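Data block below; observations after.
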Amino acid sequence: MKSIVGGGRYHCDCVGSVGSWSGTYSDHANAVAAGTVHCSSGVAECYAILQT
């Protein structure tokens with residue numbers, strides 16, 4: 001069984017185009033990099049979702 005170290009949930013909005021999504025990524029850089037797939041502009045702005 002594998003364990004995941006680090007990472008978390010992020011919410012991202014596309015910059016310069018329409019769209020947003022939430023996902024689990026290993027770090028902030030990987031969440032932002034997903035903008036190349038999810039945004040027609042290829043640029044995303046992401047922030048961590050605090051889990052309680």
Side-chain angles (χ1 to χ4, degrees):
M1 189 179 266
K2 291 183 179 181
S3 63
I4 298 173
V5 177
R9 298 271 308 156
Y10 289 86
H11 178 80
C12 304
D13 296 305
C14 296
V15 175
S17 63
V18 177
S20 65
W21 74 96
S22 295
T24 302
Y25 298 95
S26 60
D27 58 29
H28 182 261
N30 283 323
V32 172
T36 60
V37 175
H38 292 286
C39 302
S40 61
S41 67
V43 180
E45 188 173 270
C46 302
Y47 58 90
I49 299 172
L50 298 177
Q51 297 184 18
T52 58

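Note that the structure is a prediction, hence the values are computed from the model and not measured.
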| request: To the nearest 0.5 Å, tell me how far Y47 OH sits from H28 NE2. | output: 11.0 Å
| query | Looking only at heavy atoms, what is the nearest atom pair of C12 and A44, with distance? | reply | CB-CB, 4.5 Å
| Sequence-distant partners of C14, side-chain contact (heavy atoms from CB on, under 4.5 Å), two or more places apart | S17, W21, C39
| At what distance, to the nearest 0.5 angstrom, does OG1 of T24 lie from CD1 of I49? | 8.0 Å
| note | Applying side chain to side chain donor-acceptor pair (under 3.5 Å) to S20 and not counting sequence neighbours gives none
| Partner residues of A33 under the side-chain contact (heavy atoms from CB on, under 4.5 Å) criterion, sequence neighbours left out | none
| query | In chain order, what residues pass the side chain to side chain donor-acceptor pair (under 3.5 Å) check against S22, with sequence neighbours excluded? | reply | H11
| said: Side-chain heavy atoms under 4.5 Å apart, restricted to Ile/Leu/Val/Met/Phe/Trp/Tyr: what other residues fall into the cluster of V43, or is it alone? | reply: V15
| query | Taking atom CZ of R9 and atom SG of C46, what is their separation to the nearest 0.5 Å? | reply | 12.0 Å
